[in-house]
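Data first, discussion second: the structure below is written as structure tokens.
Quick note: numbers below take in every heavy atom, side chains included, and nothing from hydrogens, waters or symmetry partners.
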Amino acid sequence: MMSTALADEDDPILTTREAARLLGIAVSTAQQWIENGVLPAWKTPGGHRRVRLSDVSALLRERSSMGAGAAGADPDDFLPDAACALPGQEHARLLALRATGLVDSETEAVFDRLTWLATQVTDCPIALLSLVTGRRLWLKSRIGISVPQAPREDAFCSHTIGQDGPLVVPDALLDTRFRHNPLVLGEPHLRFYAGFPLIDDQGFKLGALCVMDSEPRRLREREMRALGELTAIAAEEIRRR
């Protein structure tokens with residue numbers, strides 16, 4: 001039988017406020033749903049309501065099937081893909097990403113300014129603000145690339161959110177992770193990548209702000225710092241949603 005500790009790790013316990021945020025509703029609405037039995041919950045000895053992540057996920061899927069999906073995004077985007085899932089709480093990360101309402105949303109000047117600045121401070125021809133769903137990389141803002149998305153298995157940013165700190169690839173052809181990548185062997189023939197993860201207020205890495213080039217290169221310390229500061233601004237904007 002699974003221990004309580006293992007059960008909590010695989011299916012985390014959430015507060016009402018955390019559940020409301022993932023569902024994209026007000027705390028008062030979440031409390032009503034709990035009282036009406038729409039969202040299963042229980043009381044702690046101290047009288048606080050607690051909810052299982054799996055129940056929040058089930059409710060999100062139910063609402064999606066009724067046409068209440070966030071920003072019109074495909075519900076499958078927020079289900080972990082066995083081929084791409086990160087260790088740990090990938091399910092919770094995807095729910096946090098869904099709660100932002102950003103996936104498949106319209107372009108916004110605030111993010112376009114940041115990608116433009118990223119190209120200026122690094123002199124890279126390509127800059128992206130990406131969101132990593134369960135199956136694809138979706139670009140909220142992009143400069144130098146025409147396509148709005150890519151399969152997650154081909155995305156450099158998927159590797160960025162799987163580690164601590166920035167990911168820098170000076171020459172993709174010399175990196176065993178990327179040398180056979182279709183984005184390296186074909187258009188846009190990527191050779192250089194530098195990206196910082198976009199981290200929300202719960203510590204989930206939702207995507208990345210990155211720059212790329214078709215030539216091998218390295219960024220100077222001040223360029224890396226500037227890219228990190230722009231990423232922090234983007235993350236702060238997302239947290240306000």
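For D213 and R191, the salt-bridge test fails: no basic side-chain N is under 4.0 Å from an acidic carboxylate O. With salt bridges taken as basic N to acidic carboxylate O contacts below 4.0 Å, one links D104 and R136. Ion pair D201/R21 flagged as a salt bridge, since at least one NZ, NE, NH1 or NH2 atom sits closer than 4.0 Å to an Asp/Glu carboxylate oxygen. Between E35 and K43, no side-chain nitrogen of the basic residue sits less than 4.0 Å from a carboxylate oxygen of the acidic one, so the salt-bridge criterion is not met.
A donor-acceptor pair is defined here as one N or O able to donate and one able to accept, closer than 3.5 Å; no such pair exists between the side chain of K205 and the backbone of D200. Distance alone, capped at 3.5 Å, is enough to place a donor-acceptor pair between the S105 side chain and the L102 backbone. Put simply, the side chain of T122 gets close to the backbone of A118: a donor and an acceptor are under 3.5 Å apart. A donor-acceptor distance shorter than 3.5 angstrom exists from the side chain of N181 to the backbone of D154, with no hydrogens or angles considered. A donor-acceptor pair under 3.5 Å is formed between the side chain of T231 and the backbone N or O of L227. For D55 (side chain) and L39 (main-chain N/O), no donor-acceptor pair under 3.5 Å exists by modelled atom type. Between the Q163 side chain and the P166 main chain, a donor and an acceptor come within less than 3.5 Å of each other. Remark: the backbone N or O of A155 is not paired with any side-chain donor or acceptor of S158 at under 3.5 angstrom. Of the possible donor and acceptor atoms, none in the side chain of R50 sits under 3.5 Å from a partner among the backbone N and O of T44.
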- Task: Verify side chain to side chain contact (heavy atoms under 4.5 Å, CB included) between E237 and I233, making sure each step is shown before the conclusion.
- Result: CA-CA 6 Å; E237 177 63 28; I233 294 171; 5.8 Å; no
- Assess whether salt bridge (Lys or Arg N to Asp or Glu O under 4.0 Å) is satisfied between R49 and E18, documenting all intermediate values. CA-CA 11 Å; R49 293 285 189 177; E18 290 169 337; over 6 Å; no
- Message: Applying side chain to side chain contact (heavy atoms under 4.5 Å, CB included) to M212 and C124, what does each step give before you reach the verdict?
- Response: CA-CA 6 Å; M212 295 181 284; C124 285; over 6 Å; no
- Task: Give the intermediate values and the outcome of side chain to side chain contact (heavy atoms under 4.5 Å, CB included) for residues F196 and L167.
- Result: CA-CA 7 Å; F196 283 75; L167 171 65; over 6 Å; no
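Defined by atom type and a distance below 3.5 Å, a donor-acceptor pair is missing between the side-chain atoms of T15 and H48. Side-chain contact, S130 with K140: no donor N or O sits under 3.5 Å from an acceptor N or O.
For the atom pair L131 CG and L137 CG, the distance stands at 8.0 Å (nearest 0.5 Å). The structure places CG of L128 at 6.5 Å from SG of C157, a figure rounded to the nearest 0.5 Å. Between the CZ atom of R179 and the CG atom of L174 there is a distance of 7.0 Å, given to the nearest 0.5 Å. Between R142 atom CZ and D112 atom CG the span is 9.5 Å, to the nearest 0.5 Å.
With a 6.0 Å cutoff to the six-membered ring centre and a 45° limit on the axis angle, R217 counts as a cation-pi contact of F192.
Aromatic ring pairs are classed by plane angle as parallel below 30°, tilted from 30° to 60° and perpendicular above 60°; the pair F156 and Y193 is tilted.
With a 4.5 Å cut-off on side-chain heavy atoms, V132 and L94 do not count as touching. Using a 4.5 Å cut-off on side-chain heavy atoms (C-beta onward), R98 and V103 make no contact. Within the 4.5 Å cutoff, side-chain heavy atoms of L230 are placed close to those of L209. At a threshold of 4.5 Å between non-hydrogen side-chain atoms, the residues F178 and L190 do not count as touching.
Other residues, nucleotides and ligands contribute over 12 non-hydrogen atoms within 6.0 Å of the CZ atom of R177. Sparse packing is recorded around CZ of R225, with 12 or fewer heavy atoms of other residues, nucleotides or ligands lying under 6.0 Å away. Within 6.0 Å of CZ on R239 lie more than 12 heavy atoms contributed by other residues, nucleotides or ligands.
When each of V211, V121, V168, D123 is checked for a side chain to side chain contact (heavy atoms under 4.5 Å, CB included) with L219, only V211 meets the rule.
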